[in-house]
Structure formats: structure tokens, C-alpha cells
Amino acid sequence: MDEEELIVVEACYPTRTLKTNSVTVEFGIGAIPRAISVTVSVDKWKGGRLSTTATLVKKEANSTPNNRLTKLLLDFLPSLTADCNASGSATVYESIRSAETLISELDDELRIEEEERRTMLAHAVAIENRTSGEEEASDAILRTAVFYSHHLIARSKRALIKSLSGELDLSGLTLVGWPGAIVVEGTKTNIDLFEKELKRQNWKHFANRGCLPVEKSTRRRRGRRARKFSGMIELDSVSVFSAHCDKVDLHGAVELAFRL
């Protein structure tokens with residue numbers, strides 16, 4: 001790489017990493033805690049031919065990425081490197097710029113997909129709120145559903161459960177470990193959306209064990225039926241999980257989750 005070419009690369013990509021025969025630049029992907037690292041090397045044994053490689057790297061040490069998006073990015077890397085190497089770029093800058101363009105296009109697609117997902121969730125919630133207006137006014141009944149998992153350890157899934165609970169106005173308990181369980185309360189539509197999103201993840205075994213018997217409550221809090229839980233609480237002990245359920249009169253939750 002000649003000095004003039006390096007000046008251009010350094011000016012356009014200040015965070016680049018330079019080595020004897022290669023330049024590496026990292027490109028972030030929206031809010032995803034992952035980045036694509038692109039390295040352009042000069043192969044002196046092939047007449048100075050340029051070669052592009054790409055890898056997926058962590059942006060933050062304790063990040064909790066979405067498994068589906070991580071797999072999508074990993075599947076994208078081979079086509080990225082193939083397209084860059086087939087482009088016939090004459091300079092290192094052109095090779096990096098080509099990779100940046102492809103990554104930017106993917107970033108736009110992921111952003112649109114996430115916006116559509118959030119819009120669909122918001123639309124479903126709006127429909128539920130409209131159709132349950134009369135029921136809510138007469139002390140609506142909150143459903144309590146129980147889910148079982150062979151295990152629930154991954155931070156990404158735990159973060160997703162917390163995020164979805166906030167988006168869908170759900171509350172309940174999450175049992176982390178082997179096995180795993182979730183007790184969640186909310187409207188039927190929102191629980192169904194919660195289940196649909198979780199089932200898009202990779203699980204060894206994940207099942208909806210059903211709903212606990214519904215109890216009509218005459219208690220109200222700020223004009224709404226009082227919930228049994230405040231937010232989504234994460235626990236790591238079956239005995240503590242069981243005690244929390246008993247405390248709010250959900251005595252059948254553990255039996256239903258583990259089919260005791």
C-alpha cells in the first residue's frame with residue numbers, strides 16, 4: 001500500500017487499524033451490540049492483489065444480542081466477502097467503501113424490519129385496548145399464563161423477556177436456570193404476542209402450559225384491576241419462585257409449569 005492511498009484511508013476512516021499489508025475497519029449495525037470487522041489485505045504473492053475478509057465482533061463485552069439477528073449477520077458475511085472480492089476494486093479505499101455500502105444496505109433493511117415489528121406490536125395492542133374497552137371499564141380480568149423451558153440461561157432471552165414485558169404491559173415471574181419457567185399476566189392478545197415473539201428464538205424445549213383459573217377481582221388501582229405482580233421479576237430458585245406464586249395465591253403455577 002502506497003503512502004498516498006493510506007492518507008485517503010486514514011482521512012475517511014479515523015478508527016482504522018493499520019498493519020504492514022492490511023487495513024481493518026469496524027462498522028456498527030444500528031443498536032445491535034455487534035459490529036462487522038472488514039479487513040482488506042494486499043497479497044504480495046499474488047502480484048499485490050487485494051483480498052477482503054469480514055468477521056462479526058462484539059461492540060460491548062457484556063452485550064446481549066438477539067440470537068436471530070446474530071445468525072442473520074453471520075449468514076451475511078460470506079456474501080459480503082464474495083461481493084467485495086468480485087468487485088475488482090483497484091485500491092484499499094475502494095474495497096472498504098464497497099463493503100461499507102453493502103453493510104449500510106443491510107443496516108437499513110434491519111432498521112425497517114425492526115420498525116415494522118414494533119408497529120405490528122403497537123397495532124395489536126391498540127386493537128386489544130379498543131376491543132376490551134367495555135370489559136376494562138367493568139373491572140377487566142387479567143389472564144395468567146404459564147410457560148416452561150428446558151432451561152433459561154441466555155442473557156439475550158432474559159433481556160428479550162424483560163423488553164417484551166415492558167412493550168406489552170405484562171408482569172410476572174421468570175425462573176432462570178434448569179429448568180426455566182415464566183408466569184406472566186396480562187391481556188390475552190398481549191400474552192399471545194409475547195409467546196409468538198419468544199417462540200421465534202432457538203430453544204431446546206419451550207412450551208405454553210396454559211392459563212391458571214381466572215379470578216374476578218373487585219380491587220382496583222388507579223381505576224384498573226390490581227395486578228398480582230409489579231413488573232417482571234427474575235428469580236433463580238425454584239423454592240423462591242414457588243413462594244412468590246403462593247404469596248399472590250397462584251398456588252397451581254409451579255404444578256402447571258413442571259406438570260407435578
Side-chain angles (χ1 to χ4, degrees), residues 62 64-71 117 120-121 124-125 128-129 131-132 135-136 139-221 224-260:
N62 297 320
T64 54
N66 181 290
N67 289 338
R68 184 181 65 85
L69 292 178
T70 298
K71 183 179 184 303
R117 187 187 75 83
M120 289 177 63
L121 282 174
V125 171
E128 167 65 16
N129 290 338
T131 57
S132 63
E135 182 183 1
E136 186 69 29
D139 193 25
I141 299 172
L142 291 173
R143 291 170 172 78
T144 303
V146 180
F147 298 90
Y148 167 85
S149 171
H150 175 270
H151 64 273
L152 179 52
I153 300 296
R155 288 195 298 268
S156 58
K157 291 176 182 174
R158 291 154 60 183
L160 178 61
I161 290 170
K162 183 176 181 180
S163 173
L164 288 173
S165 299
E167 291 180 21
L168 298 172
D169 191 25
L170 302 176
S171 55
L173 301 174
T174 300
L175 174 63
V176 175
W178 290 268
I182 306 170
V183 173
V184 62
E185 62 177 348
T187 64
K188 180 181 183 303
T189 295
N190 288 2
I191 290 176
D192 288 346
L193 289 169
F194 177 79
E195 178 182 2
K196 181 179 179 181
E197 287 296 315
L198 287 183
K199 283 187 173 180
R200 295 174 65 182
Q201 306 302 305
N202 293 321
W203 301 87
K204 183 169 184 179
H205 181 61
F206 180 79
N208 183 340
R209 295 299 202 205
C211 289
L212 293 169
V214 176
E215 298 179 2
K216 191 79 173 179
S217 173
T218 57
R219 293 175 299 160
R220 289 176 176 271
R221 185 188 305 162
R224 296 187 63 185
R225 172 198 181 283
R227 289 176 177 260
K228 293 182 179 293
F229 302 102
S230 176
M232 184 61 72
I233 304 169
E234 187 174 281
L235 306 169
D236 59 6
S237 165
V238 175
S239 60
V240 176
F241 180 81
S242 177
H244 270 70
C245 291
D246 290 342
K247 184 177 180 180
V248 293
D249 299 324
L250 294 178
H251 305 292
V254 175
E255 290 78 1
L256 183 59
F258 304 128
R259 290 184 173 174
L260 300 176

From Leu170 atom CG to Leu193 atom CG, the distance as rounded to the nearest 0.5 Å: 9.0 Å

Which distance, rounded to the nearest 0.5 Å, do you find between the CD of Gln201 and the OG of Ser149? 11.5 Å

Looking at CD1 of Ile191 and CG of Leu164, how far apart are the two atoms once the value is rounded to the nearest 0.5 Å? 12.5 Å

Ser239 and Ser237: side-chain donor and acceptor closer than 3.5 Å? yes

State the CG-SG distance between Leu256 and Cys245, to the nearest 0.5 angstrom. 10.5 Å

Considering only heavy atoms from C-beta outward, does the side chain of Lys199 approach that of Phe206 to under 4.5 Å? yes

dist Lys228:NZ -> Glu185:CD (nearest 0.5 Å) comes out at 7.5 Å

Side-chain contact, heavy-atom cut-off 4.5 Å: Leu250 with Leu173? no

Partner of Leu175 under side-chain contact (heavy atoms from CB on, under 4.5 Å), picked from Val240, Val254, Val238, Val183, is Val238

Going by the angle between their ring planes, with limits at 30° and 60°, are Tyr148 and Phe258 parallel, tilted or perpendicular? perpendicular

Side-chain touch Val184/Met232, heavy atoms, less than 4.5 angstrom: yes

In this structure, which one of Arg158, Arg155, Lys157 forms a salt bridge (charged side-chain N to carboxylate O under 4.0 Å, His left out) with Glu234? Arg158

Around Asp236, counting heavy atoms of other residues, nucleotides and ligands shown, do more than 12 lie under 6.0 Å from its CG? no

Identify the heavy atoms of Asn208 and Val146 that sit nearest to each other, and give their distance. OD1-O, 3.5 Å

With side chains defined as the heavy atoms from C-beta onward, is the minimum distance between Leu152 and Phe147 less than 4.5 Å? no

Can you tell whether the side chains of Lys196 and Asp192 come within less than 4.0 Å, N to carboxylate O? no

Which value, rounded to the nearest 0.5 Å, describes the distance between Phe194 atom CZ and Asp169 atom CG? 13.0 Å

